[in-house]
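The structure appears below as C-alpha coordinates.
Along the sequence shown, residues carry numbers from 1.
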Amino acid sequence: MRALTRRAELPVGEGLEWVRGDLLSGDGLATAFAGVRAVIHCATDIRHPKNDLPGIERLLAAARTAGVGHVVNISIVGVDRIPYFYYRIKLAGERLLADSGIGWSNLRATQFPTLLDSAFGVPSRLPGLLLVPSGTVCQPVDQREVAERLAELAQGAPVGQAPELGGPTVYPAERLAGSWLAAAGKRRRVPAVRVRDGPGPASAAAR
(Lines give C-alpha, C1' and ligand atoms only; values in the text may rest on other atoms or scores of the structure.)
Protein backbone atom coordinates (compact mmCIF):
# COMPACT_ATOMS: atom_id res chain seq x y z
CA MET A 1 0.00 0.00 0.00
CA ARG A 2 1.33 3.40 -0.99
CA ALA A 3 0.42 6.95 0.05
CA LEU A 4 1.22 10.32 -1.51
CA THR A 5 2.24 13.40 0.49
CA ARG A 6 3.59 16.88 -0.23
CA ARG A 7 5.64 16.90 2.97
CA ALA A 8 9.40 17.22 2.57
CA GLU A 9 9.88 14.79 5.47
CA LEU A 10 8.04 11.57 4.76
CA PRO A 11 5.84 10.17 7.54
CA VAL A 12 6.62 6.77 8.98
CA GLY A 13 3.81 4.25 8.87
CA GLU A 14 4.03 0.51 9.37
CA GLY A 15 2.87 -1.36 6.28
CA LEU A 16 2.59 1.87 4.27
CA GLU A 17 5.02 3.20 1.69
CA TRP A 18 5.07 7.00 1.52
CA VAL A 19 5.96 8.82 -1.71
CA ARG A 20 6.53 12.55 -2.01
CA GLY A 21 4.56 14.24 -4.81
CA ASP A 22 2.32 17.12 -5.77
CA LEU A 23 -0.94 16.95 -7.69
CA LEU A 24 -0.66 20.54 -8.94
CA SER A 25 2.79 20.12 -10.48
CA GLY A 26 2.48 16.40 -11.23
CA ASP A 27 5.82 15.72 -9.53
CA GLY A 28 6.11 12.26 -8.05
CA LEU A 29 2.89 10.88 -9.53
CA ALA A 30 4.61 8.49 -11.91
CA THR A 31 6.51 6.95 -9.01
CA ALA A 32 3.43 6.86 -6.81
CA PHE A 33 1.26 5.12 -9.42
CA ALA A 34 3.83 2.65 -10.77
CA GLY A 35 2.44 -0.88 -10.48
CA VAL A 36 -0.73 0.35 -8.74
CA ARG A 37 -4.12 -1.20 -9.59
CA ALA A 38 -6.35 1.29 -7.78
CA VAL A 39 -5.99 4.86 -6.51
CA ILE A 40 -8.08 6.48 -3.76
CA HIS A 41 -8.31 10.23 -4.30
CA CYS A 42 -8.99 12.23 -1.12
CA ALA A 43 -6.83 15.32 -1.68
CA THR A 44 -8.49 18.72 -1.52
CA ASP A 45 -7.51 22.35 -0.89
CA ILE A 46 -10.40 23.84 1.08
CA ARG A 47 -8.69 27.25 1.22
CA HIS A 48 -8.06 27.34 -2.53
CA PRO A 49 -10.68 24.96 -3.99
CA LYS A 50 -9.93 25.94 -7.58
CA ASN A 51 -6.73 23.92 -7.19
CA ASP A 52 -8.82 20.76 -6.92
CA LEU A 53 -9.67 20.63 -10.62
CA PRO A 54 -6.14 20.86 -12.08
CA GLY A 55 -5.11 18.47 -9.32
CA ILE A 56 -7.58 15.76 -10.32
CA GLU A 57 -6.80 16.34 -14.00
CA ARG A 58 -3.11 15.61 -13.35
CA LEU A 59 -4.01 12.65 -11.17
CA LEU A 60 -6.16 11.14 -13.93
CA ALA A 61 -3.52 11.78 -16.60
CA ALA A 62 -0.87 10.08 -14.49
CA ALA A 63 -3.22 7.19 -13.72
CA ARG A 64 -3.89 6.62 -17.44
CA THR A 65 -0.16 6.67 -18.20
CA ALA A 66 0.56 4.20 -15.42
CA GLY A 67 -2.26 1.88 -16.47
CA VAL A 68 -4.25 2.29 -13.25
CA GLY A 69 -7.56 0.50 -13.71
CA HIS A 70 -9.64 2.05 -10.94
CA VAL A 71 -9.83 5.52 -9.35
CA VAL A 72 -11.96 5.90 -6.21
CA ASN A 73 -13.03 9.45 -5.36
CA ILE A 74 -14.49 10.94 -2.19
CA SER A 75 -17.22 13.55 -2.59
CA ILE A 76 -20.07 15.09 -0.59
CA VAL A 77 -23.78 14.33 -0.35
CA GLY A 78 -25.63 17.22 -1.97
CA VAL A 79 -22.97 18.43 -4.42
CA ASP A 80 -25.48 18.03 -7.24
CA ARG A 81 -28.22 19.96 -5.40
CA ILE A 82 -26.61 22.64 -3.21
CA PRO A 83 -24.93 25.47 -5.18
CA TYR A 84 -22.09 26.25 -2.76
CA PHE A 85 -18.93 27.22 -4.63
CA TYR A 86 -16.93 24.38 -3.08
CA TYR A 87 -19.66 21.90 -3.93
CA ARG A 88 -19.62 23.03 -7.55
CA ILE A 89 -15.89 22.32 -7.64
CA LYS A 90 -16.43 18.84 -6.22
CA LEU A 91 -19.18 18.16 -8.76
CA ALA A 92 -16.93 19.26 -11.61
CA GLY A 93 -14.28 16.86 -10.30
CA GLU A 94 -16.81 14.03 -10.34
CA ARG A 95 -17.54 14.79 -14.00
CA LEU A 96 -13.85 14.77 -14.89
CA LEU A 97 -13.58 11.36 -13.25
CA ALA A 98 -16.61 9.96 -15.08
CA ASP A 99 -15.27 11.20 -18.42
CA SER A 100 -11.69 10.02 -17.82
CA GLY A 101 -11.95 6.66 -19.57
CA ILE A 102 -10.63 4.99 -16.40
CA GLY A 103 -12.72 2.66 -14.28
CA TRP A 104 -14.11 4.74 -11.45
CA SER A 105 -16.10 4.73 -8.23
CA ASN A 106 -17.43 7.89 -6.57
CA LEU A 107 -18.54 7.92 -2.93
CA ARG A 108 -20.59 10.85 -1.63
CA ALA A 109 -20.53 11.07 2.17
CA THR A 110 -22.15 13.39 4.67
CA GLN A 111 -20.16 15.78 6.87
CA PHE A 112 -17.48 14.67 9.33
CA PRO A 113 -17.65 15.71 13.01
CA THR A 114 -14.45 17.72 12.51
CA LEU A 115 -16.33 20.04 10.12
CA LEU A 116 -19.08 20.55 12.69
CA ASP A 117 -16.43 21.34 15.29
CA SER A 118 -15.14 24.13 13.05
CA ALA A 119 -18.65 25.32 12.16
CA PHE A 120 -19.64 25.72 15.82
CA GLY A 121 -16.25 26.77 17.14
CA VAL A 122 -15.96 30.10 15.32
CA PRO A 123 -19.46 31.52 16.06
CA SER A 124 -19.28 30.29 19.68
CA ARG A 125 -16.67 32.98 20.33
CA LEU A 126 -19.52 35.50 20.48
CA PRO A 127 -20.71 35.95 24.07
CA GLY A 128 -24.04 34.54 25.11
CA LEU A 129 -25.30 33.12 21.81
CA LEU A 130 -24.61 30.41 19.27
CA LEU A 131 -26.82 31.06 16.27
CA VAL A 132 -27.84 28.11 14.10
CA PRO A 133 -29.93 28.02 10.90
CA SER A 134 -33.54 27.00 11.45
CA GLY A 135 -35.06 24.07 9.60
CA THR A 136 -31.64 22.56 8.98
CA VAL A 137 -30.56 19.02 9.82
CA CYS A 138 -27.27 17.17 9.62
CA GLN A 139 -26.35 13.49 9.44
CA PRO A 140 -22.66 13.38 10.43
CA VAL A 141 -20.63 10.27 9.71
CA ASP A 142 -17.46 8.99 11.36
CA GLN A 143 -14.57 9.48 8.94
CA ARG A 144 -13.25 6.03 9.86
CA GLU A 145 -16.39 4.45 8.41
CA VAL A 146 -15.90 6.46 5.23
CA ALA A 147 -12.26 5.38 5.01
CA GLU A 148 -13.28 1.73 5.38
CA ARG A 149 -15.86 2.10 2.61
CA LEU A 150 -13.32 3.74 0.30
CA ALA A 151 -10.93 0.86 0.91
CA GLU A 152 -13.68 -1.65 0.15
CA LEU A 153 -14.48 0.10 -3.11
CA ALA A 154 -10.81 0.19 -4.13
CA GLN A 155 -10.49 -3.55 -3.62
CA GLY A 156 -13.45 -4.31 -5.87
CA ALA A 157 -14.46 -3.60 -9.44
CA PRO A 158 -15.41 -0.02 -10.42
CA VAL A 159 -19.06 0.74 -9.59
CA GLY A 160 -19.43 4.30 -10.90
CA GLN A 161 -21.68 6.26 -8.54
CA ALA A 162 -21.69 4.33 -5.26
CA PRO A 163 -24.59 4.53 -2.80
CA GLU A 164 -24.28 7.62 -0.63
CA LEU A 165 -22.97 7.16 2.90
CA GLY A 166 -24.30 9.00 5.95
CA GLY A 167 -24.20 8.60 9.69
CA PRO A 168 -26.87 6.63 11.55
CA THR A 169 -28.76 9.63 12.96
CA VAL A 170 -30.29 12.82 11.55
CA TYR A 171 -29.93 15.73 13.99
CA PRO A 172 -31.57 19.15 14.02
CA ALA A 173 -28.87 21.83 13.97
CA GLU A 174 -30.01 23.12 17.38
CA ARG A 175 -29.47 19.72 19.00
CA LEU A 176 -25.99 19.33 17.53
CA ALA A 177 -25.05 22.82 18.70
CA GLY A 178 -26.29 22.05 22.22
CA SER A 179 -24.31 18.81 22.35
CA TRP A 180 -21.20 20.57 21.06
CA LEU A 181 -21.50 23.33 23.68
CA ALA A 182 -21.87 20.76 26.46
CA ALA A 183 -18.80 18.85 25.27
CA ALA A 184 -16.81 22.10 24.98
CA GLY A 185 -17.88 23.21 28.46
CA LYS A 186 -19.50 26.41 27.16
CA ARG A 187 -22.79 28.03 28.08
CA ARG A 188 -24.66 29.73 25.25
CA ARG A 189 -28.24 30.20 24.18
CA VAL A 190 -28.91 28.44 20.86
CA PRO A 191 -31.56 30.40 18.94
CA ALA A 192 -32.48 29.07 15.49
CA VAL A 193 -32.63 31.85 12.92
CA ARG A 194 -34.02 31.91 9.43
CA VAL A 195 -31.18 32.18 6.92
CA ARG A 196 -32.37 34.04 3.87
CA ASP A 197 -31.33 32.78 0.47
CA GLY A 198 -29.53 36.03 -0.35
CA PRO A 199 -28.00 36.01 -3.83
CA GLY A 200 -28.85 32.38 -4.54
CA PRO A 201 -30.79 29.29 -3.41
CA ALA A 202 -27.96 27.76 -1.39
CA SER A 203 -29.61 28.13 2.02
CA ALA A 204 -32.93 26.73 0.82
CA ALA A 205 -31.16 23.81 -0.85
CA ALA A 206 -29.21 23.07 2.34
CA ARG A 207 -32.45 22.98 4.34
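The CG atom of L91 sits 11.5 Å away from the CD1 atom of I82 when rounded to the nearest 0.5 Å. With values rounded to the nearest 0.5 angstrom, L59 atom CG is found 6.5 Å from L29 atom CG. L60 CG to T65 OG1: the interatomic distance, rounded to the nearest 0.5 Å, is 11.0 Å. Taking CD1 of I40 as the reference point, atom CE of M1 lies at 7.5 Å (rounded to 0.5 Å). Here T44 contributes atom OG1 and I74 contributes atom CD1; the two are 10.5 Å apart, rounded to the nearest 0.5 Å.
In this structure, S105 contributes its side chain and V159 its backbone to a donor-acceptor pair below 3.5 Å. With Q139 contributing its side chain and G167 its backbone, the two residues share a donor-acceptor pair below 3.5 Å. Remark: the backbone N or O of D45 is paired with a side-chain donor or acceptor of D52 at under 3.5 angstrom. In terms of modelled atom types and a separation under 3.5 Å, the side chain of E94 and the main chain of K90 share no donor-acceptor contact. Although no hydrogens or angles enter the test, the distance criterion places a donor-acceptor pair under 3.5 Å between the side chain of R58 and the main chain of L24. Between the side chain of R64 and the main chain of S100, a donor-acceptor pair closer than 3.5 Å is present. Side chain of R37 to backbone of A154: a donor-acceptor contact under 3.5 angstrom is found.
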| task | Take R108 and D80 through the side-chain contact (heavy atoms from CB on, under 4.5 Å) test and state the conclusion after the steps. | result | CA-CA 10 Å; R108 293 175 179 169; D80 55 338; 3.2 Å; yes
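Qualifying side-chain hydrogen bond (donor to acceptor under 3.5 Å, both in side chains) partners for D22, counting only residues two or more places apart in sequence or in other chains: none.
Considering every non-hydrogen atom in both G69 and P158, the closest pair reads O-CG, 4.1 Å. Scanning all heavy atoms of the two residues, the minimum distance from P49 to Y86 falls at CB-CD1, 3.6 Å. C138 approaches Q111 most closely through the heavy-atom pair SG-OE1, 4.1 Å. Between V146 and F112, the closest heavy-atom pair is CG2-CE2, 3.6 Å. Of all heavy-atom pairs spanning L165 and V77, the tightest one is O-CG2, 4.3 Å. The shortest heavy-atom contact between N106 and N73 is OD1-ND2, 2.8 Å.
Residue K50 qualifies as open at atom NZ: its count of foreign heavy atoms under 6.0 Å is 12 or below. Counting non-hydrogen atoms of other residues, nucleotides and ligands closer than 6.0 Å to CZ of R2 gives a total above 12.
Y171 and S179 share no side-chain donor-acceptor pair at under 3.5 Å.
Looking at heavy atoms from C-beta onward, L4 lies in side-chain contact with L23 at the 4.5 angstrom threshold. Proximity of F120 to V132: side-chain heavy atoms (C-beta onward) are separated by under 4.5 Å at one or more points. In this structure, L130 and K186 have side chains that are not in contact, with every pair of non-hydrogen atoms separated by 4.5 Å or more. Between L107 and V72 the shortest side-chain heavy-atom distance does not fall below 4.5 Å.
A continuous path of ILVMFWY side-chain contacts below 4.5 Å connects I76 to I46, so both sit in one hydrophobic cluster.
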